[in-house]
Amino acid sequence: MMGTFTSKLSPQTLANARAVRLMIFDVDGVLTDGGLYYGPEGEVFKRFHALDGLGIKMLHQFGIQTAIITARQSETLLKRARDLDISHVFQGVHDKRVAFASLLAQTNVTAQECGYLGDDIIDLPVLVKVGFTACVGNAHNEVKTRVQYQTHASGGNGAAREICDLLLQAQGHYDTAIAAYLS
C-alpha cells in the first residue's frame with residue numbers, strides 16, 4: 001500500500017528510500033530535541049522519544065540496519081542504543097566521513113544503500129554521500145536545502161519515527177508492521 005509519506009515523494013526519492021539497507025541517525029537535534037540538560041554535578045541528560053524507539057525496532061524487524069554517528073559522547077546514548085539494539089554507534093566524531101567509511105566497511109553496505117537523518121551542517125559530509133537524505137523539521141536551513149525529505153516533526157519529537165515509517169512504506173513493510181499490533 002502506498003503510504004501517506006511515500007505518495008508525496010519524487011520517483012527518485014522513493015527509489016532511494018526503497019534501496020535503504022542501513023539507516024543512520026545523528027543524535028542531538030534528531031533523536032533528541034537538541035537541548036542539553038546539565039545536572040548539578042555536570043552530568044548531561046538527554047530526552048529521547050518513545051515513538052522513535054519503536055520505529056527503529058520495526059526497521060530491524062524487516063532487515064534494515066541502524067547506526068548512530070554523533071559528535072558528542074554520552075553514556076546515556078549508549079544505554080539508549082543498547083535498548084534499541086543499535087549495534088553501530090560512533091560517538092565523539094567530529095569528521096563524520098571517517099565514521100561513515102568505517103560503517104560501510106563493517107556492514108558491507110554501499111553508500112547508495114544508506115539513509116541519513118540529520119539536522120545541522122556537521123551532518124552534510126555524510127548527507128551528500130548517501131542514497132536517501134532527510135532532515136528534521138527544525139533543521140538548519142543549509143541542511144534543509146540539500147535533502148530529499150524534511151520531516152514534519154522536529155528533532156526529538158517523532159522525526160526519526162516519521163523516517164522509519166516512510167522507509168517501511170517505501171519498502172512495502174508498513175502494513176505488515178502495523179498488522180502485528182492489530183491482531
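Taking CE of Met58 as the reference point, atom CG of Leu167 lies at 11.0 Å (rounded to 0.5 Å). The line from CG of Asn16 to SG of Cys114 is 11.5 Å long, rounded to the nearest 0.5 Å. The NE2 atom of His140 sits 10.0 Å away from the CG atom of Asp119 when rounded to the nearest 0.5 Å. Here Arg80 contributes atom CZ and Arg47 contributes atom CZ; the two are 11.0 Å apart, rounded to the nearest 0.5 Å. In this structure, Leu117 CG and Tyr149 OH are separated by 10.5 Å, a value rounded to the nearest 0.5 Å.
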Please set out all donor-acceptor pairs under 3.5 angstrom arising from side-chain atoms of residues 94-103, sequence neighbours excluded.
{"unit_1": "Asp95", "atom_1": "OD1", "unit_2": "Arg97", "atom_2": "N", "d": "3.2"}
{"unit_1": "Asp95", "atom_1": "OD1", "unit_2": "Arg97", "atom_2": "NE", "d": "3.0"}
{"unit_1": "Lys96", "atom_1": "NZ", "unit_2": "Asp26", "atom_2": "OD1", "d": "3.0"}
{"unit_1": "Lys96", "atom_1": "NZ", "unit_2": "Ile69", "atom_2": "O", "d": "3.2"}
{"unit_1": "Lys96", "atom_1": "NZ", "unit_2": "Tyr116", "atom_2": "OH", "d": "3.2"}
{"unit_1": "Lys96", "atom_1": "NZ", "unit_2": "Asp123", "atom_2": "OD1", "d": "2.7"}
{"unit_1": "Ser102", "atom_1": "OG", "unit_2": "Gln106", "atom_2": "NE2", "d": "3.1"}

Sequence neighbours left out, cut at 3.5 Å: what donor-acceptor pairs do the side chains of residues 124-138 make with other protein atoms?
{"unit_1": "Thr133", "atom_1": "OG1", "unit_2": "Gln148", "atom_2": "N", "d": "2.8"}
{"unit_1": "Asn138", "atom_1": "OD1", "unit_2": "Gly155", "atom_2": "N", "d": "2.9"}

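For the pair Ile86 and Thr66, the tightest heavy-atom approach, listed with the atom from each and the gap, is CG1-OG1, 3.5 Å. Taking each heavy atom of Leu166 and Ala17 in turn, the nearest pair found is CD2-CB, 3.9 Å. Closest heavy-atom contact between Leu104 and Ala111: CD2-N, 4.0 Å. In terms of heavy-atom proximity, Thr107 sits nearest to Gln65 at CG2-OE1, 3.6 Å. Gly118 and Ala139 get closest at one heavy-atom pair: O-CB, 4.5 Å. Closest non-hydrogen pair, Asn157 versus His49, comes out as CA-CD2, 3.6 Å.
Cluster annotation: Ile24 is not connected to Val30 through the hydrophobic network of ILVMFWY side chains, with a link wherever side-chain heavy atoms come within less than 4.5 Å. One hydrophobic cluster, built from ILVMFWY side chains closer than 4.5 Å, holds both Ile56 and Leu77. The hydrophobic cluster containing Leu84 also contains Val89, counting ILVMFWY residues as joined when their side-chain heavy atoms lie under 4.5 angstrom apart, directly or transitively. Leu22 is not connected to Leu14 by any chain of hydrophobic side-chain contacts under 4.5 Å among Ile, Leu, Val, Met, Phe, Trp and Tyr, and they are in different clusters. Following chains of ILVMFWY side-chain contacts shorter than 4.5 Å, one can reach Ile178 starting from Leu54, so the two form part of one hydrophobic cluster.
When the side-chain hydrogen bond (donor to acceptor under 3.5 Å, both in side chains) test is applied to Ser74, no partner is found at least two apart in sequence or on another chain. With sequence neighbours left out, the salt bridge (Lys or Arg N to Asp or Glu O under 4.0 Å) criterion links Asp33 to no other residue. Every residue two or more places apart in sequence or in another chain that forms a side-chain hydrogen bond (donor to acceptor under 3.5 Å, both in side chains) with Glu113 is listed here: Arg21, Thr110.
Inter-residue side-chain proximity for Val143 and Gln150 is flagged as unmet; no heavy-atom pair is nearer than 4.5 Å. With contacts defined as side-chain heavy-atom distances shorter than 4.5 Å, the pair Val20/Leu59 does not qualify. A heavy-atom distance below 4.5 Å is found between the side chains of Phe48 and Thr32. Side-chain contact between Val27 and Phe25: absent, with no pair of heavy atoms (C-beta onward) separated by less than 4.5 Å. Using a 4.5 Å heavy-atom cutoff, the side chains of Thr70 and Leu31 are not in contact. Two residues are said to be in side-chain contact when any heavy atoms from C-beta on lie closer than 4.5 Å; Asp83 and Lys79 meet this criterion. Residues Phe62 and Cys164 fail the side-chain proximity criterion, which asks for heavy atoms closer than 4.5 Å.
A donor-acceptor pair shorter than 3.5 Å cannot be found between the side chains of Asp165 and Gln169.
Under a 3.5 Å cut-off, the side chain of Asp52 and the backbone N or O of Arg161 do form a donor-acceptor pair. Formation of a donor-acceptor pair under 3.5 Å by the Glu162 side chain with backbone atoms of His152 is found in this model. Ser10 places a side-chain N or O within donor-acceptor distance of the main-chain N or O of Thr13, the cut-off being under 3.5 Å. Not one N or O on the side chain of Glu142 forms a donor-acceptor pair closer than 3.5 Å with the backbone of Asp120.
No more than 12 heavy-atom neighbours from other residues, nucleotides or ligands sit within 6.0 angstrom of CD1 on Ile121. Dense packing is recorded around NZ of Lys144, with more than 12 heavy atoms of other residues, nucleotides or ligands lying under 6.0 Å away.
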Verify side-chain contact (heavy atoms from CB on, under 4.5 Å) between Asp28 and Lys46, making sure each step is shown before the conclusion. CA-CA 8 Å; Asp28 295 315; Lys46 294 182 182 285; 2.6 Å; yes
Can you list the steps and then say if Leu36 with Arg72 is a side-chain contact (heavy atoms from CB on, under 4.5 Å)? CA-CA 11 Å; Leu36 298 174; Arg72 293 185 162 276; 2.8 Å; yes
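Note on residues 36-45: no pairs pass salt bridge (Lys or Arg N to Asp or Glu O under 4.0 Å), not counting sequence neighbours.
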